[in-house]
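A short write-up of the structure that comes next.
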Amino acid sequence: MLEIEYWWLAVLPVFFALGWAAARIDIRQVIREARDLPRAYFRALNLLVSEDTERATDVLVELARAERGNTELQLALAGLFRRKGETDRAIRTHQNVLAEGALESEAKQKVTLELALDFLAAGLLDRAEFELRRLLGTPLEARALPPLLSLYAAEREWHKAIETARRLEEVTGHPRPHEIAQYWCEVAQHAFNHSDDVTATAAVEAALAANYKCTRANLIGGQLALRQGDPAQALACWQRIEAQNAEDLPLVAGLIGDTALARGDGAAAVNLLRGYLQQAPTVDVLDATLRVVLAVEGEAAARSLLAEAVQQRPSILAVSRQLEHGGPPDTATLRQLLGQHTRRLAQYRCQACGFRARAHYWQCPACAAWESYPARRVEELNIYD
Ligand SMILES: [Zn+2]
């Protein structure tokens with residue numbers, strides 16, 4: 001027992017000595033490498049850490065001049081230029097790195113992507129597109145596609161955007177049905193505006209194939225059918241929106257009501273729109289319903305529709321419709337509505353920052369400006385100034 005303990009005591013210092021030696025070797029290595037670095041690197045690093053990019057750039061520019069072959073340094077510098085908004089310098093630096101030609105193909109692709117992002121930041125879209133397209137089919141494709149897609153969307157090049165979004169779906173595995181359907185709708189709307197019904201019809205179908213819940217496609221599809229003299233088909237298109245997304249019914253309620261009235265089918269539209277009003281009780285659906293009810297059933301029916309609507313969902317807009325049609329507004333509802341709205345209108349508003357407050361302040365609690373509150377309530381400011 002005793003013997004074993006002594007034996008351990010003898011061995012322990014050896015382990016300590018070995019650990020100490022190993023640590024010394026590592027530290028010596030690090031110190032040797034650090035000594036090889038010019039002190040200017042540390043100055044630049046220090047300035048970057050303290051977010052003085054201006055002076056950090058100056059130091060790095062000096063360094064880069066001294067060490068022309070240092071690619072990493074050139075890239076760091078180009079990145080700094082772009083962050084500071086000096087895109088022309090970023091472009092020149094990236095182009096120089098590429099021109100030196102000593103890069104492996106993967107490193108070259110990375111620099112090409114950076115150069116494309118410089119061009120994008122500089123608004124040179126054609127050149128950005130050229131560089132990004134060079135990365136298609138390379139390992140960097142997944143990173144090149146998103147900027148390429150936003151570039152095409154910004155330039156309203158919808159066919160190219162669709163092609164790029166499809167490729168992005170393939171590369172990333174994430175479906176993008178909403179975007180692609182909207183791009184097709186843009187194609188359809190543009191063709192519709194230029195009386196190219198064949199292209200518009202095909203684009204509407206493509207939008208629905210991309211996203212069968214795309215309400216905008218049916219909205220445009222109905223407008224196309226109406227122009228081609230087929231109101232029944234137009235109504236069928238618009239009515240599909242109820243199953244797609246009832247929230248969007250306010251966008252077609254007026255079209256449905258007016259088209260049905262024009263072809264003498266008002267009675268059916270009354271029932272349809274009353275049903276929509278239950279699902280989407282908005283002022284636009286109410287207005288559409290009101291027009292068909294007035295035309296088909298007359299003033300008395302319109303007044304009771306409005307009374308019902310105001311009771312179900314009181315709003316100033318609904319009450320104002322009620323007043324227009326000679327309906328007596330319910331005083332209790334009116335008082336409640338006015339109370340809700342006047343609370344907002346009775347506030348004071350800072351002229352410097354727009355902050356609203358219930359009390360009057362000599363110094364704004366939001367922006368600290370002095371004497372920035374006129375001694376008038378918001379409603380008086382809106383109406384009389
Ligand atoms: Zn203020």
Side-chain angles (χ1 to χ4, degrees), residues 44-58 79-90 117-125 128 146-147 149-151 153-156 178-179 182 186 216 245 247-251 254 280-287 306 309-324 329-385:
L45 188 63
N46 235 330
L47 290 166
L48 280 176
V49 169
S50 55
E51 294 195 345
D52 187 349
T53 45
E54 202 63 46
R55 282 172 59 209
T57 315
D58 291 344
L80 258 180
F81 284 145
R82 189 165 78 222
R83 226 176 68 193
K84 286 173 61 192
E86 295 182 31
T87 44
D88 49 336
R89 290 177 91 185
L117 297 178
D118 294 340
F119 283 137
L120 264 187
L124 299 167
L125 300 187
L149 181 58
S150 22
L151 186 153
E155 290 199 302
R156 309 182 66 77
H178 295 274
E179 274 167 277
Q182 284 294 336
E186 291 286 345
R216 188 182 176 192
N245 180 13
E247 293 269 307
D248 282 348
L249 283 174
L251 299 174
T282 76
V283 162
D284 292 294
V285 181
L286 179 62
D287 281 339
L306 285 166
V310 168
Q311 200 189 8
Q312 268 177 6
R313 245 170 99 107
S315 74
I316 297 265
L317 287 168
V319 169
S320 80
R321 301 292 187 277
Q322 206 178 8
L323 288 167
E324 280 164 29
D330 173 42
T331 343
T333 314
L334 205 54
R335 199 183 314 124
Q336 189 200 339
L337 275 172
L338 285 176
Q340 284 165 6
H341 285 271
T342 45
R343 264 198 292 284
R344 221 163 19 85
L345 292 171
Q347 291 174 328
Y348 295 99
R349 184 174 59 208
C350 171
Q351 269 180 323
C353 74
F355 185 76
R356 288 165 173 236
R358 231 182 271 180
H360 179 269
Y361 288 100
W362 291 108
Q363 186 188 17
C364 177
C367 73
W370 288 98
E371 297 185 24
S372 60
Y373 279 81
R376 271 185 286 173
R377 309 279 179 167
V378 168
E379 184 187 20
E380 297 164 315
L381 292 174
N382 287 345
I383 297 177
Y384 301 110
D385 281 352

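In listed order, ligands and their atoms are each counted from 1. Heavy atoms only: backbone and side chains are in, while hydrogens, waters and symmetry mates are out.
- A salt bridge (charged side-chain N to carboxylate O under 4.0 Å, His left out) check over residues 309-321, counting only residues at least two apart or in different chains, returns the pairs Asp287-Arg321.
- Protein N/O/S atoms closer to the Zn ion (ligand 1) than 2.8 Å number 4 in this structure.
- Tested against Leu317, the residues Val283, Asp284, Val310 include a single side chain to side chain contact (heavy atoms under 4.5 Å, CB included) partner, Val283.
- Not counting sequence neighbours, the partners of Glu186 by the salt bridge (Lys or Arg N to Asp or Glu O under 4.0 Å) test are Arg156, Arg216.
- Side-chain atoms of Thr342 do not come within 3.5 Å of backbone N or O of Leu345 as any donor-acceptor pair.
- When side chains are defined from C-beta on, Leu286 counts as touching Leu306, because their heavy atoms get closer than 4.5 Å.
- Applying the side chain to side chain donor-acceptor pair (under 3.5 Å) test to residues at least two apart or on different chains, the pairs with a partner in residues 347-362 are Tyr348-Arg377.
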